[in-house]
Amino acid sequence: MIIDSHVHISLYNDNVKNLQEAFNLFLQEMEKNGISGAIIIPDNIEGSDSIVDLDKAIELIGDRKNLFLLGSLQIIQRGSSELEKYKKLLEEGKIKGLKFFPGHDPYYPTDERCLPYYELCQELDVPVLFHTGENSGDSDCAKWNDPKYIVEIAKKYPQLKVIITHYYWPKMDYCYEITKNVPNIYFEIAAMSDAEVIEKSGGIEKVREILRETIADRSDKVIFGTDWPMCKIEEHIELIKSLGLSEDLESGVFSENSKRIYKLSL
Ligand SMILES: [Zn+2]
């Protein structure tokens with residue numbers, strides 16, 4: 001079984017005309033690549049015609065039992081004021097965790113406005129997910145999501161499941177070293193098979209080495225994700241398959257870890 005734990009429903013390179021078509025295309029991609037379930041990450045900007053927000057995602061998903069959502073916070077615009085809204089969504093199971101976008105938005109993971117959300121997620125035993133690393137064509141933005149801040153949060157909230165996505169590319173070695181001894185840090189691998197990410201991070205062998213070491217250290221804490229449609233699902237599947245993992249470890253990464261960590265009923 002494969003679960004893609006990092007997907008956006010968006011218009012990308014004019015692949016489709018509208019968000020309904022983007023969603024339909026994703027369903028086809030799931031089928032084609034043997035994906036049994038997925039976590040869709042809505043954008044934190046609401047009402048866009050080019051990427052789904054939470055309300056639109058809920059509408060598109062309808063009754064499907066194999067598609068799940070995260071909440072995407074607007075820390076800059078709304079601070080901690082949406083705590084009650086997200087508490088309710090988490091308690092009702094409409095979302096499975098909260099996503100933070102430091103680097104897309106100018107704030108640090110240690111920003112005071114974020115703290116009430118971390119407390120909430122620790123209390124409800126649901127994960128937080130941090131976008132990390134550069135954005136394509138913008139290396140400066142990575143200063144906002146340096147894993148040193150994420151480590152601070154993980155230590156301040158030792159029961160909180162803290163997931164890092166994109167491995168702080170291109171500084172994967174640094175991210176590995178600084179997080180190595182922090183038990184409540186998890187990794188989700190979206191974009192790690194992207195050509196630009198691989199090239200800037202030191203090549204495919206470097207990426208494989210980082211993944212093998214991370215899986216050896218924390219086999220139950222590495223999660224499969226892709227960042228579709230910006231990145232290709234099949235290339236991420238190939239990347240994991242190329243690691244030469246045992247069947248047990250591979251199924252952990254492909255599905256079991258995500259099911260357990262995000263509490264997905266699949
Ligand atoms: Zn993403």
Side-chain angles (χ1 to χ4, degrees), residues 2-13 15-16 19 22-23 25-26 29-30 33 35 37-46 48 50-54 56-57 60-61 67-76 95-107 109 127-139 141-142 144-145 147 150 161-172 175 186-198 200-201 207 211 222-237 239-240 253 257-258 261-262 264:
I2 303 179
I3 298 172
D4 187 342
S5 300
H6 190 140
V7 170
H8 304 278
I9 301 302
S10 64
L11 276 52
Y12 177 69
N13 282 351
N15 56 346
V16 284
L19 292 173
F23 180 68
L25 181 61
F26 178 61
E29 285 282 324
M30 285 181 76
N33 291 291
I35 304 291
I39 298 178
I40 294 170
I41 303 179
D43 203 67
N44 67 350
I45 300 304
E46 292 159 6
S48 161
S50 57
I51 184 162
V52 301
D53 59 19
L54 184 61
K56 185 69 183 172
L60 288 170
I61 285 175
L67 298 178
F68 306 94
L69 294 167
L70 300 185
S72 292
L73 299 169
Q74 289 201 23
I75 296 299
I76 299 297
I95 57 174
K96 297 292 176 184
L98 296 181
K99 164 100 186 258
F100 293 81
F101 293 81
H104 270 269
D105 297 338
Y107 68 90
V128 297
L129 175 69
F130 287 103
H131 169 89
T132 68
E134 299 186 357
N135 297 334
S136 197
D138 176 8
S139 53
C141 66
W144 298 105
N145 53 52
I150 299 173
K161 296 172 190 154
V162 177
I163 309 175
I164 290 175
T165 185
H166 314 320
Y167 226 110
Y168 195 53
W169 77 280
K171 296 184 180 162
M172 292 183 186
C175 186
Y186 298 65
F187 285 93
E188 178 261 282
I189 69 152
M192 289 180 79
S193 80
D194 177 76
E196 183 189 357
V197 170
I198 290 173
K200 287 190 95 177
S201 304
V207 173
L211 281 173
V222 179
I223 298 172
F224 182 78
T226 65
D227 224 352
W228 188 89
M230 297 231 285
C231 301
K232 292 200 171 74
I233 295 173
E234 53 271 32
E235 289 177 0
H236 282 77
I237 295 175
L239 174 62
I240 293 303
V253 174
N257 295 344
S258 180
I261 294 160
Y262 281 111
L264 310 178

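In listed order, ligands and their atoms are each counted from 1.
Counting backbone and side-chain atoms alike, His8 contributes an N/O/S atom closer than 2.8 Å to the Zn ion (ligand 1). At a cut-off of 2.8 Å, His131 does not coordinate the Zn ion (ligand 1) through any N, O or S atom.
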*asked:* Using the rule given for side-chain hydrogen bond (donor to acceptor under 3.5 Å, both in side chains), can you reason through Glu188 versus Ser5, listing the C-alpha separation, both sets of side-chain angles and the distance that settles it, and then say yes or no?
replied: CA-CA 8 Å; Glu188 178 261 282; Ser5 300; over 6 Å; no

Margin query: Applying side-chain hydrogen bond (donor to acceptor under 3.5 Å, both in side chains) to Asn44 and Asp53, what does each step give before you reach the verdict?
Written below: CA-CA 6 Å; Asn44 67 350; Asp53 59 19; over 6 Å; no

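Taking the six-membered ring for Trp and the full ring otherwise, His6 and His166 have centroids separated by under 6.0 Å.
When the Zn ion (ligand 1) is compared with the N/O/S atoms of Asp227, atom OD1 turns out nearest.
Tyr107 and Phe100 have perpendicular rings, their planes meeting at more than 60° on a 0 to 90° scale where under 30° would count as parallel.
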